[in-house]
2 protein chains.
Amino acid sequence: MARTSGSHSEITGPRLRAAAQALFARHGYAAVSMRRIAAEVGVQAGALYNYIPDKQGLLFELMKSHLDELLAAWEALPKGTGARDALEAFTRFHVRFHLDRPDAVFIAYMELRNLEPANFRAIEALRRRYETVLEDILRQGAAEGAFDVADSKHAAFAVIAMLTGVTTWYRDEGRLSRAEVEDLYWSMVRKAVSA
Amino acid sequence: MARTSGSHSEITGPRLRAAAQALFARHGYAAVSMRRIAAEVGVQAGALYNYIPDKQGLLFELMKSHLDELLAAWEALPKGTGARDALEAFTRFHVRFHLDRPDAVFIAYMELRNLEPANFRAIEALRRRYETVLEDILRQGAAEGAFDVADSKHAAFAVIAMLTGVTTWYRDEGRLSRAEVEDLYWSMVRKAVSA
DNA sequence: AGAGTATCTGAACGCGCGTTCAGTTCAATC
DNA sequence: GATTGAACTGAACGCGCGTTCAGATACTCT
């Protein structure tokens, strides 16, 4: 159990997760050693095992907490009624959430193949739940005649891929503000599924 | 220099590249050892160094030849005149080309961070050239009034991200044929940039 | 048959990996 | 001031890594 006021350095747990997230995102899970992470935290490698079961468990926890947070944040969002409003809310939410967590997003998309089978299945299930959110919006909109989407599942994949791609080029110092980026993507998504 | 009819097993070079491509795509560059690749080829690890300078050079060559082929294939394609036809040609070409080479695509998008700086710059330049192809199509179409695209550069990023995403879900045994997948994406791209 | 050469083996190199653990440090508690 | 126990160190464990290279092998060419 962690103490409330530590002896040596305290708050090592959160710093461990932050350091691992940054390093995994930058260099990849397989290319980052426990010693490298420990150095970032300012500790010897062995000390990390007071906070994690092993390296694989560290990766899994980073990915799981990211997806848990993603789903929780979406569910906490106040919803409108129509499919069009829901799609706009989803688009803006997705762009904003992903721009706020570039490292976590990168890891969640790139390190799937480094998960052990059981962990992989758990993460895939969470991701699938999120994809289903958009899929349901598109299906409902198509049923109402608001959208022209023949295949809501694959359309959802296409839209999510497009939106997630924002993390590959957006920079805070760049020409576009976050609001402008949201508008840009919403304009493309809206037209792409329009009747 | 490779011989035209070998002594021990011959054609080791191409088999090496094929094995490395499959393994890198499945497990990641950093997670695949030279000994693992050698075992796949049916040879000891040392023998691989008759064909490559080192592991990094192998990765670089895989990525470079993929992007060279991509650009060459696009340039070899017969072109129509208008922006709309060009966009349709690009969309269908991109989907088809990427579905034909899932492993190479995966590597080219995921292993960028494992490239040494000089190699990274070379690969990025090729990727940038390809993005510019679409960017120019969108800009021309916007100038002609055929498209409504305020920012052709970022719209190009968004479209390419959407199209490349096809490799994450398409399976040959799946419900949709390649032609149907092309149609699905073309329908979304066409509407997304339409005036 | 003999020379030449492309190919590959098998062993070795130094190194860093993930993980474990006995022992040390030190704030909090009694 | 003695005891507790979480946090951490530092060394060690076996192992696999990328790469090198002397020597063996098996083919082509003269």
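Naming: A, B, ... by sequence-line order, numbering from 1 per chain. No hydrogens, no waters, no symmetry mates; every other heavy atom, side chains included, goes into these values.
- Between Ser33(B) and dG16(D) there is no side-chain polar atom (N or O) within less than 4.0 angstrom of OP1 or OP2.
- The cationic group of Lys55(B) does not satisfy the cation-pi geometry with Tyr49(B), failing either the under 6.0 Å distance to the six-membered ring centre or the 45° limit from the ring axis.
- Salt bridge status for Lys153(A) with Glu135(A): absent, with no side-chain N to carboxylate O gap under 4.0 Å.
- The pair Glu69(A)-Arg101(A) counts as a salt bridge, with a side-chain nitrogen and a carboxylate oxygen less than 4.0 angstrom apart.
- Judged by the 6.0 Å and 45° rule, Lys191(A) forms no cation-pi pair with Trp186(A).
- Contact annotation: side chain of Arg35(B) to base of dG16(D), donor-acceptor pair absent below 3.5 Å.
- If you take CG of Asn50(B) and C1' of dT9(C), they are 11 Å apart, rounded to a whole angstrom.
- The separation between Arg36(B) atom CZ and dG18(D) atom C1' is 17 Å, rounded to whole Å.
- In this structure, Leu48(A) atom CG and dC17(C) atom P are separated by 13 Å, rounded to whole Å.
- Distance from the side chain of Tyr51(B) is smallest to dC8(C) among dC17(D), dT19(C), dC8(C).
- Listed nucleotides dT9(C), dT9(D), dT19(D) differ in distance to Val43(A); the shortest reach to its side chain belongs to dT9(D).
- Between Ile37(A) atom CD1 and dC17(C) atom P the separation is 10 Å, expressed in whole Å.
- With respect to the salt-bridge test (charged N to carboxylate O, under 4.0 angstrom), the residues Glu124(B) and Arg127(B) qualify.
- Of the candidate nucleotides dC8(D), dT20(D), dG18(C), dG18(C) has the atom nearest to the side chain of Met34(A).
- Each of dT7(C), dC17(C), dT9(C) was ranked by its minimum atom distance to the side chain of Gln44(B); first place goes to dT9(C).
- Neither OP1 nor OP2 of dA7(D) sits under 4.0 Å from any side-chain N or O of Thr12(A).
- When rounded to the nearest whole Å, the span between CG of Leu58(A) and C1' of dT19(C) equals 14 Å.
- The distance between atom OH of Tyr49(B) and atom P of dG10(C), rounded to the nearest whole Å, is 18 Å.
- Residue contacts for Val41(A): at a heavy-atom cut-off of 4.0 Å it reaches no nucleic acid atom on any strand shown.
- Atom NZ of Lys55(A) and atom P of dT19(C) are 8 Å apart (whole Å).
- Atom CD1 of Ile52(A) is separated from atom P of dA7(D) by 14 Å (rounded to the nearest Å).
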